[in-house]
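To start, the structure itself, in structure tokens.
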There are 2 protein chains.
Amino acid sequence: MVETRKALKLLREQGYRITTPRRQVLGILAEAQRPLSPYEIQDMLKEKGEYLNHVTIYRVLELLCSLNLAHKVLLAGGFVICSLGESRGCHRFVVCRECGRLKEYASEALCAEETEMAEQLGFRAEQHFSEFSGVCATCQK
Amino acid sequence: MVETRKALKLLREQGYRITTPRRQVLGILAEAQRPLSPYEIQDMLKEKGEYLNHVTIYRVLELLCSLNLAHKVLLAGGFVICSLGESRGCHRFVVCRECGRLKEYASEALCAEETEMAEQLGFRAEQHFSEFSGVCATCQK
DNA sequence: GTATTAGTGCAATAATATTGCATTTGTACC
DNA sequence: GGTACAAATGCAATATTATTGCACTAATAC
């Protein structure tokens, strides 16, 4: 998972402003060990005595996803922060069915194979991701 | 993509009833060349002069997904019918960003690699899927 | 054909997402 | 540090998507 600082740096480099809401959302996502929905993010901020309109949260998440700094996880119905290394548009996750915790991993080999497959099917490849549902080590006990 | 008949057969084998709504939803999904949301399915049925309550559609889709006969595509926000061959819980799609059309493909190699990766991370593997966003041959022109 | 119960429809409600516009705030520049 | 400008946020309204409990219907086994 990426450091908030690095994400903010990337925002600036892309010409986006560093605003309080963006700091807050990144902060919450960075703390969480699991995918969070926009309203969950709002709730977690409330616990800290902070407030953000949900519309703002949606817009921040949209921006972060477009920059590959965050990703929406289908299996979990929430958003996670992504590691900068994979910011080229390739994200791979294993999600625990029980507790929702997830791990991101990378694989050049898988990425290359999938891209080749897409091209064979006539597609000009852009982004891809993979999700794996299972039960994590902790929950197996 | 799977034939409706085969899907119905599998339903029966699993002890589920063959009902009109299930036939209808499977029929619509089989016709469509792209992912459909529950309400889109409802609209397409209306065009045929048929009616299904959206709750029913949600429940049918939930069942189909649990049996790996359908899958929810994150990139497209809709459901597609899946080929029976991959009914073990491994689904791979390429989705066109422009027109929404998608292709399902299979790869034993990718499947094995991903499973191994999940196990290395301490997960007992269950289901997985991969989505690839790109631009299809038709839309590239 | 009839009984049983899975499955559906309905109504109400909850949760999630989007839009336009007024207001605020971050940044560049002085 | 102050100011101008545009980007970003908040608000209100609304749209879309999803869920629940319960009464009713219809698929299957016999």
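Numbers restart at 1 for each chain; the letters A, B, ... are given by sequence-line order, proteins then strands.
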Margin query: For a quick check of understanding: with a heavy-atom distance under 4.0 Å over all strands, which category does B:Arg22 fall into, base, sugar-phosphate or nothing?
Written below: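 If one applies the 4.0 Å heavy-atom cut-off, B:Arg22 turns out to touch the sugar-phosphate alone, with no base involved.
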
Please state how far atom [atom1] in [X] lies from atom [atom2] in [N], giving the value in whole angstrom units.
{"X": "A:Tyr58", "N": "D:dG10", "atom1": "OH", "atom2": "P", "value": "15 Å"}
{"X": "A:Asn53", "N": "C:dA17", "atom1": "CG", "atom2": "C1'", "value": "12 Å"}
{"X": "B:Gln42", "N": "D:dT16", "atom1": "CD", "atom2": "P", "value": "13 Å"}
{"X": "B:Glu40", "N": "D:dA18", "atom1": "CD", "atom2": "P", "value": "11 Å"}
{"X": "A:Ile57", "N": "D:dC11", "atom1": "CD1", "atom2": "C1'", "value": "14 Å"}
{"X": "B:Leu61", "N": "C:dT8", "atom1": "CG", "atom2": "P", "value": "11 Å"}
{"X": "A:Gln24", "N": "C:dG26", "atom1": "CD", "atom2": "P", "value": "11 Å"}
{"X": "A:Glu50", "N": "D:dG10", "atom1": "CD", "atom2": "P", "value": "12 Å"}

Between [Y] and [X], is there a side-chain heavy-atom distance shorter than 4.5 Å?
{"X": "B:Leu75", "Y": "A:Phe129", "answer": "yes"}
{"X": "B:Leu29", "Y": "B:Leu61", "answer": "yes"}
{"X": "A:Pro38", "Y": "A:Phe79", "answer": "yes"}
{"X": "A:Arg22", "Y": "A:Leu63", "answer": "yes"}

Next item on the list: Hey, which sits more toward the 5' end of DNA chain D by its nearest nucleotide, B:Pro38 or B:Ile18?
Entry: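 The 5'-side residue here is B:Pro38.
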
Margin query: Quick check on DNA chain C: between A:Tyr16 and B:Gly15, whose nearest nucleotide comes earlier from the 5' end?
Written below: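 On the 5' side of the pair lies B:Gly15.
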
Next item on the list: For B:Pro21 and for B:His54, find the nucleotide of DNA chain C with the closest heavy atom, then tell me which residue's nucleotide is more 5'.
Entry: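 Here B:Pro21 is the residue nearer the 5' end.
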
Below 4.0 Å: OP1/OP2 of [N] and any side-chain N or O of [X]:
{"X": "B:Ser37", "N": "D:dT16", "result": "no"}
{"X": "A:Tyr51", "N": "D:dC11", "result": "yes"}
{"X": "A:Tyr39", "N": "C:dT16", "result": "no"}
{"X": "A:Thr19", "N": "C:dT25", "result": "no"}
{"X": "B:Lys72", "N": "D:dA18", "result": "yes"}
{"X": "A:Thr20", "N": "C:dG26", "result": "yes"}

Check: How far apart are the C-alpha atoms of A:His128 and B:Phe132, what are their side-chain angles, what is the distance that settles it, and do they pass the ring-ring contact (aromatic ring centres under 6.0 Å, His included) test?
Finding: CA-CA 4 Å; A:His128 55 150; B:Phe132 210 117; 4.2 Å; yes

Next item on the list: State whether the distance check finds a donor on one side and an acceptor on the other, under 3.5 Å, for side chain B:Arg17 versus base C:dA6.
Entry: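 Yes, a donor-acceptor pair under 3.5 Å.
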
Margin query: Is there, by distance only and without an angle test, a donor paired with an acceptor across the side chain of A:Arg12 and the base of C:dG26 below 3.5 Å?
Written below: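 Side chain to base: no pair present.
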
Check: Is A:Met44 reachable from A:Leu26 through a run of hydrophobic residues whose side-chain heavy atoms are each under 4.5 Å from the next?
Finding: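 In one cluster: yes.
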
Notebook entry, point to check: Taking the side chain of A:Val55 as its heavy atoms from C-beta onward, which of D:dC11, C:dG26, D:dT28 lies nearest to it?
Noted result: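 For A:Val55, the side-chain atoms sit closest to D:dC11.
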
Item checked: Residue A:Arg59, side-chain heavy atoms: nucleotide from D:dT17, C:dT19, C:dT18 that is nearest ->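 Of the candidates, C:dT19 comes closest.
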
Check: How far does the helix from C:dG1-D:dC30 to C:dC30-D:dG1 bend, going by the axes of its first and last five pairs, to the nearest 10°?
Finding: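 End-to-end axis angle for the helix from C:dG1-D:dC30 to C:dC30-D:dG1: 50°, rounded to 10°.
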
Next item on the list: Check the angle between the aromatic planes of A:His91 and A:Phe93 and answer parallel, tilted or perpendicular using the 30° and 60° thresholds.
Entry: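 Plane angle under 30°, so parallel.
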
Note to self: Assess the residue pair A:Ser107 and B:Glu113 against the criterion (side chain to side chain donor-acceptor pair (under 3.5 Å)); give the C-alpha distance rounded to whole Å, side-chain angles, the decisive distance to 0.1 Å, and a yes or no.
What the structure shows: CA-CA 10 Å; A:Ser107 165; B:Glu113 282 177 65; 5.0 Å; no

